[in-house]
Colleague: 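The structure's right below; bear with me while I get my questions together.
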Amino acid sequence: MSTRYNPQDAEPKWREAWDKADVYRAKPPEEAGDAPKAYILEMFPYPSGRLHMGHVRNYAMGDVIARFRKAQGYNVLHPMGWDAFGMPAENAAMKQGVHPGEWTYKNIADMRAQFMKLGLSLDWSREFATCDPEYYGSQQALFLDFYEKGLIYRKASKVNWDPVDQTVLANEQVIDGKGWRSGAPVEQRELTQWFFKITDYADDLIAGLESLDRWPDKVRTMQANWIGRSEGLQMRFEWAGQAPAGYEGGVEIFTTRPDTLYGASFIALSPDHPLTVEMATDNEALEAFRADCAKVGTSEEAIEKAEKIGFDTGLTVKHPFEDRELPVWVANFVLMGYGTGAIFACPAHDQRDLDFARKYDLSVIPVVLPSGEDAATYEIGKEAFAGPGRIYNSGVLTGKSIEDAKAAAIEAIESACLGSRTVNYRLRDWGVSRQRYWGCPIPVVHCDTCGIVPLPKSELPVRLPDEVSFDIPGNPLERDTDWKSCTCPKCGGVATRETDTLDTFVDSSWYYSRFASEGNSAERTYWMPVDQYVGGVEHAVLHLLYARFFTRAMRDAGQLDLPGGEPFAGLFTQGMVTHETYKTDAGDWISPDELNLSNGSPTVKATGEAVTIGAIEKMSKSKRNTVDPDDIIARYGADVARLFTLSDSPPERDVEWTQSGVEGAARFAQRVWAVFDALPYGADPTAANGDNDLRRLSHKSVANIQEAIEGFRFNSAVASLYEWVNALKKAESGADLEDRAEACSFLARCLVVFTPHLAEECWSRLGASGLVVEAPWPEIDPKLLVQDTLTLPVQVNGKKRGEINVPADAGGDVIEALVMADSAISAHLDGKTVKKVIVVPKRIVNIVVG
RNA sequence: GCGGACGUGGUGAAAUUGGUAAACACAACGGACUUAAAAUCCGUCGGCCCGAAUGGGCCUUGCCGGUUCAAGCCCGGCCGUCCGCACCA
């Protein structure tokens, strides 16, 4: 008689058994023996308070890999912790009057309980939250090390100010002119800020991308573009007339197109260029022009539509090669933040320069001739030509290719002592000051006598004050005079603490190495780098770039032995969990569990109101299309939730959550149980031998699943499981007991990576010893993977006309003879001339007839 | 504008060295069991056509062309969708 698998009973039971046996603890290196290490990590969560399906999918994926490696005999580190500083805790404090720390730790407790129910193979002994004083104290020590190494500095600069969150944002955190979290339009403010010298590593960060062959190309490309290395020439144009005071040497510009120097028509300065600013002090018209430029927004659309505008300064400079003068303009499209904040314009070969030149009637001199054009007649209309061609109209450069001309022009400028070859980056230094309470305090003091003084490590951690109030906007640390006042470690005089805290991205830039161990220990060296990292692609340039910088800085500060400097050897970016959206005619979003779908057109259960089915979108609170993991676990079990998020779509793509799909996964779990439950007690899986279809299928399935997991094709691995279980069910009558037992023993050990509780229940039903979560991956008999006879498709002129059975070791001639002797095939040849027979052993036969 | 990814049945998708397109699942339909329902099990399921039938033929991976004995996969050109960056000299 058959029983049903009951996840509500089985899941807690097995989790307790795992806990008792402490099966997920990573072994320290000295206990690992010959086992290779595998550090598997998913991006640690922000403790918002509730788990969502996206978490389930993310951590289920990491768990598949961690469990698979464990089964293969690796010493696995699979830790979990909390990215716990940040704005939401302060928002909660303002709204609910609860202390950010209290709110955060309560959320952590809630989410940890939810995590526990998922049955992940996590080593909780290494858990920490970034808001633990022990953690942020170590971070402060790192800060001091970096400071001493000259990797941190303070400067006044224009910064991105988020008026809603009342804090500064890094360039990476400004998306489309808006704060990445608040969505408020970002303002520019002049503030004194702390910066990490990430630009020191710009070249190394680009070079390192080469070695990351287990990263998605997309992420590597995004990082390379973000760093934005460009090679070119930095040079000065000397004044033709009176030099402005302080600029006697000329105007410094940067260009990547020195080959077009003969096409130079004017010089353009940024409105924020120091020279512009200085001239504007006694030139009202210029000052007004600068104000006009500042009005244009920074959003995509604003820039797209913004007209090129300019202001003629009246100054002129000398062309470096020719006896002519160029006017100096101020132009709104020249950015102060890139290069030198000044350019030379060659309108013929740059669209922006051309637009500007046409508007202000400046000269347009083509110097690159596209192939097929005649130098005498070639003209530039409204489109600048930026393509390949030959240099002409260009003195000694004439006739050269663009590349040769660049080299020659740079050489000429260098020998004239006007400039030199330079590399420029789009990447800026990382501004880390945040005017917030709930973050890591920066461990320095401001002393009237000594200036900025770093604290000695003995005074760490600099703890956040417990007593805070959020009744007025701004930074509570700024108002906390008790906390602020301190003595200067250098002179002993009165000093004030730094009230800025660190960007929370600093916290997540080194947590993975803290999981490995504290300090620069042998254990940290053993585990690092992370072998497989799993997380969302939204961190492609934020977290993942900062972390790569941090490992390099930690290495150079003597805090980490990691020669290559790369923290994550393998990276996998997973897709999101989506769901249909539902809306009433009144425009209210309706959640899936308020919906009645049973009778044709969907309605709201409570009111009977008609509902329109909308687009499939990422699960979000605002669209109310979320499904709560707790509800799913209560109803179907954690295994089913995990299995479904992995089964329907490739892991890098989005998966659509559907009720019927989840029910399908639940049915599968029952089918698996039925297969085990139908097996008579006492069958010996190790007694299976010989060669038959069932054994071949079992061994082949293990091979397929293994390959699919290694290639991150979890959906294909799950499909193989389905196929295998379906066949096993059919084989219940007729197959040898031992062969069925072997199949089940293998199956339980494959299932464990996806549905560990179910696998454990099945393993126990088999009467196998120990826990399946500790069982080794099934050993495949290679003899059962090779076929004695193969069925080859036979094509005639590329169209399949039949099949033929041949011995697996048959050579080309033998196969050809067999094919030609086959009556079904020869019917298709029908007296035509056989021109050629192509035999691809083990694959296909194609007969070409004329 | 620049860079990248993708486009296959009603749906999610397989086909990871150029070699049988549509595995597996969802939905749908038909049937069995049942007083009934649920659950479960069995079957059909890309399109068009021929045949009473076992069966057979033609077409089909966004569109057009190319390479090849053979193309979903390689090359060229379009169209469309999504993502990232964006006045970066």
Side-chain angles (χ1 to χ4, degrees), chain A residues 2 4 175-176 216-226 228-230 232-233 253-258 260 268 270 296 298-300 302-304 306 308 331-335 337-346 349-353 355-356 386 424-427 537-538 540-541 616 644 647-650 652-656 658-665 667-668 670-671 674 704 707-708 710-713 715-726 729 791-803 835-840 842-849:
Chain A
S2 65
R4 284 183 69 77
I175 290 143
D176 203 11
D217 287 345
K218 176 186 169 136
V219 175
R220 292 199 285 177
T221 310
M222 280 168 72
Q223 290 213 359
N225 290 343
W226 187 265
R229 183 193 153 96
S230 49
L233 167 70
I253 62 99
F254 173 74
T255 180
T256 56
R257 292 297 301 273
T260 62
S270 165
V296 177
T298 47
S299 78
E300 185 180 325
I303 288 166
E304 195 70 34
K308 306 262 177 300
N332 66 335
F333 67 91
V334 181
L335 305 173
Y338 186 79
T340 61
I343 60 163
F344 91 79
C346 175
H349 304 294
D350 183 290
Q351 193 59 49
R352 293 156 303 179
D353 299 350
D355 293 345
F356 193 88
N424 241 298
Y425 300 93
R426 217 186 74 106
L427 183 72
V537 74
E538 66 273 19
V541 281
I616 296 160
F644 179 70
S647 64
D648 249 29
S649 293
E652 70 278 10
R653 242 182 269 177
D654 293 351
V655 66
E656 191 200 341
T658 62
Q659 181 65 21
S660 53
V662 176
E663 274 160 13
R667 268 200 298 277
F668 173 71
Q670 292 301 340
R671 214 154 55 235
N704 286 345
E707 224 173 283
E710 276 164 355
F712 297 98
R713 300 193 316 276
N715 55 328
S716 294
V718 173
S720 289
L721 283 170
Y722 272 94
E723 221 170 339
W724 189 11
V725 169
N726 290 345
K729 184 108 184 75
T791 305
L792 295 186
V794 180
Q795 298 180 330
V796 177
N797 282 351
K799 291 209 164 86
K800 190 190 162 192
R801 293 300 181 200
E803 288 177 339
K835 281 191 182 159
K836 203 178 190 184
V837 179
I838 290 142
V839 179
V840 184
K842 295 177 182 165
R843 286 283 191 192
I844 204 165
V845 179
N846 192 8
I847 304 166
V848 187
V849 297

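The figures here come from the full heavy-atom set of this structure, side chains too, leaving out hydrogens, waters and symmetry mates. A, B, ... follow the sequence lines: proteins, then strands. Residue 1 opens every chain.
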Colleague: When only distance counts, do a donor and an acceptor, one from the side chain of A/Lys308 and one from the base of B/C87, lie under 3.5 Å apart?
Modeller: yes
Colleague: Pick base, sugar-phosphate or nothing for A/Val334, based on heavy-atom distances below 4.0 Å to the nucleic acid.
Modeller: base
Colleague: Using purine N1 to pyrimidine N3 plus N6-O4 or O6-N4 for Watson-Crick, or N1-O2 and O6-N3 for G-U wobble, each under 3.5 Å, what pairs with B/C2?
Modeller: B/G84
Colleague: With respect to the side chain of A/Arg653, which nucleotide from B/U20, B/A14, B/C24 is positioned closest?
Modeller: B/A14
Colleague: Counting only Watson-Crick or G-U wobble pairs whose two distances fall under 3.5 Å, which nucleotide matches B/G43?
Modeller: B/C29
Colleague: Whom does B/G76 pair with, Watson-Crick or G-U wobble, provided both distances fall under 3.5 Å?
Modeller: B/C64
Colleague: Has A/Ser270 got a side-chain atom pairing as donor or acceptor with A/Val334's backbone, closer than 3.5 angstrom?
Modeller: yes
Colleague: Look through every strand shown and name the nucleotide pairing with B/G9 as Watson-Crick or G-U wobble, where both distances are under 3.5 Å.
Modeller: none
Colleague: Across all strands, who's sitting opposite B/G55 as a Watson-Crick or G-U wobble pair, both distances under 3.5 Å?
Modeller: B/C50
Colleague: Is B/C69 paired to anything, Watson-Crick or G-U wobble with both distances less than 3.5 Å, and if yes, which nucleotide?
Modeller: B/G19
Colleague: Under 4.0 Å, heavy atoms only, any strand: does A/Lys836 hit a base, just the sugar-phosphate, or nothing?
Modeller: sugar-phosphate
Colleague: Without hydrogens or angle criteria, can the side chains of A/Arg426 and A/Asn225 be said to hold a donor-acceptor pair below 3.5 Å?
Modeller: no
Colleague: Which part of the nucleic acid, if any, lies within reach of A/Arg220 when heavy atoms closer than 4.0 Å are counted: base, sugar-phosphate only, or nothing?
Modeller: nothing
